[in-house]
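Please read these numbers as outputs of a predicted model, since none were measured by experiment.
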Amino acid sequence: NAHAAMTLEGNYVDVGVSDYGTLGSDDSNSPGLIYDPSGTQNFFPGGISNDFLTPGDPHDGFSFTANQLGGYIANDNDGQQGSIGSFTTTSGPVATTVAGYSLAATWSGSYTTSGGATITVTNTEYFNPNSQQINIQTTLSTTSNLTGVVFTRSLDPDPDVNLYNQFSTKNALGNAAYGADANSAACGSGADTDQTVCLVTSNTQGAVTHIANIDAACCTDEDPNSYLANGTGFMPGAGTYSDDSINLTFDIGDLTVDDPLTIDYAYVLGATFSQVSNPTAPISVPEPASLVVFGSGLVGLALQRRRRRQS
């Protein structure tokens, strides 16, 4: 497509929601993820787009694997696929309603395995005009029980490319200003501007363990199991000052027919690494026919199962 299926524009953030269920406007089209630290919708200072996503080889994506798949599924804003394919769009992206938030979009896609099972993913992005945080809820479901399920979200941040032709970012795990530890946040900051985006989830491990990584494979979706094998940290070849991607991986384990899984995370932006904000309002998330509010947890981000396991 030649343009974004839809755009969410606030005072600090102007973001596309792609036809692949990711951020961005399909490949290099604008807006990708544009940030204005002044909060005045000045998204093109001096006529130059302050876009974190679209320069170079734009990459925002997610990948999914399970023991039964023999590979991994991936969706990317530029149409890249995983080793065995991608989730095919079944609905959206379209505007949706999330209690307490005025900007929201949702998308769903599915993948049919060689054995005939259907795996479905739904991503919902939502925030308010004065927020510097894009909340994302991902819901996963299956028509056949799966084991060894792992899900990764990934972004190649390029905040200084359009202004300074600088692809390298200052990369870090954890962010004390936000209150997130090394397992819970992966951040990239502009080498010249220090403008920052962090991919963040709750410190509370809960039912699903999560880890954070910096990856030298800046512009592609990787097999989620490669991140688990590495553990929290820098992947081989990645550095504290280089053109790398930021990643969060969720070690889900079993995904059963009667137990859809919901995970919540966010892209959080700041004028500098130390100014990445910590919101205080709880996150509200949509159900298909109603709205439900999940507990706030650390910084209002939670990672929850839809039911409690029996002991």
Side-chain angles (χ1 to χ4, degrees), residues 13 23 33 35 37 52-53 59-62 127 131-136 138 150-160 168-191 193-218 222 224 226-252 263-283 295-304:
V13 177
L23 300 188
L33 173 55
Y35 176 57
F52 282 40
L53 175 56
H59 164 64
D60 178 69
F62 57 91
F127 59 98
S131 177
Q132 299 179 64
Q133 171 168 311
I134 303 168
N135 305 303
I136 303 176
T138 293
V150 189
F151 177 87
T152 294
R153 186 75 188 220
S154 176
L155 171 73
D156 173 27
D158 288 320
D160 284 2
S168 292
T169 48
K170 297 178 290 183
N171 307 309
L173 297 173
N175 188 300
Y178 192 85
D181 66 14
N183 291 311
S184 307
C187 304
S189 304
T193 65
D194 202 34
Q195 291 184 16
T196 300
V197 58
C198 293
L199 181 51
V200 182
T201 193
S202 171
N203 269 322
T204 304
Q205 296 292 318
V208 181
T209 299
H210 54 268
I211 62 173
N213 294 96
I214 306 296
D215 191 0
C218 69
E222 298 291 300
S226 67
Y227 296 113
L228 288 187
N230 185 85
T232 286
F234 286 70
M235 300 291 284
T240 56
Y241 180 70
S242 54
D243 185 11
D244 299 335
S245 63
I246 57 176
N247 304 266
L248 281 178
T249 296
F250 301 87
D251 187 7
I252 294 164
I263 51 180
D264 292 285
Y265 49 97
Y267 287 117
V268 189
L269 298 110
T272 68
F273 180 80
S274 63
Q275 290 178 300
V276 171
S277 62
N278 186 337
T280 57
I283 282 181
S296 58
L298 174 72
V299 302
L301 291 170
L303 192 153
Q304 306 182 17

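Judged purely by atom type and a 3.5 angstrom limit, Asp244 uses its side chain to pair as donor or acceptor with the backbone of Gly239. Between the side chain of Asp181 and the main chain of Asn183, a donor-acceptor pair closer than 3.5 Å is present. Proximity of a side-chain donor or acceptor of Asn213 to a complementary backbone N or O of Gly233 within less than 3.5 Å is detected. Side-chain atoms of Thr201 come within 3.5 Å of backbone N or O of Asp264 as a donor-acceptor pair. Asn175 places a side-chain N or O within donor-acceptor distance of the main-chain N or O of Phe273, the cut-off being under 3.5 Å.
Every residue two or more places apart in sequence or in another chain that forms a side chain to side chain donor-acceptor pair (under 3.5 Å) with Thr138 is listed here: Asn123, Tyr265. Here Asp194 pairs with Lys170 under the salt bridge (Lys or Arg N to Asp or Glu O under 4.0 Å) rule; sequence neighbours left out. Judged as a ring pair (Phe, Tyr, Trp, His ring centres under 6.0 Å), and not counting sequence neighbours, the contacts of Tyr35 are Phe52.
Nearest heavy atom pair, residue Pro37 against residue Ala271, reads CB-CB, 3.8 Å. The minimum heavy-atom distance between Ser274 and Ala177, with the atom names listed, is O-CB, 3.3 Å. For the residue pair Cys198 and Val276, the shortest heavy atom distance occurs at SG-CG2, 4.2 Å. Residues Pro159 and Thr169 come closest through the heavy atom pair CD-CG2, 3.8 Å. Minimum interatomic distance between Gln133 and Phe127 (heavy atoms only, all atoms of both residues): O-CB, 3.1 Å. Minimum heavy-atom separation, Asn171 to Tyr241: ND2-N, 4.3 Å.
Residue Val200 forms a side-chain contact (heavy atoms from CB on, under 4.5 Å) with just one option from Ile246, Leu248, Val268, and that option is Val268.
With rounding to the nearest 0.5 angstrom, the OG atom of Ser245 is 8.0 Å from the CG atom of Leu155. Atoms CG and CG, from Asp243 and Asp156 in turn, are 5.0 Å apart once rounded to the nearest 0.5 Å. If you take CD on Gln195 and OG1 on Thr272, they are separated by 9.5 Å, rounding to the nearest 0.5 Å. Taking CD of Gln132 as the start and CD of Gln275 as the end, the distance is 8.5 Å to the nearest 0.5 Å. In this structure, Asp215 CG and Phe234 CZ are separated by 11.0 Å, a value rounded to the nearest 0.5 Å. One distance of note links CG of Leu199 with CD1 of Ile136; it measures 7.5 Å at 0.5 Å rounding.
With no hydrogens or angles considered, a side-chain donor-acceptor pair links Asn247 and Ser154 at under 3.5 Å.
A 4.5 Å side-chain heavy-atom check between Leu228 and Thr249 finds at least one atom pair inside the cut-off. Side-chain contact between Asp60 and Arg153 is present, with heavy atoms from C-beta onward closer than 4.5 Å.
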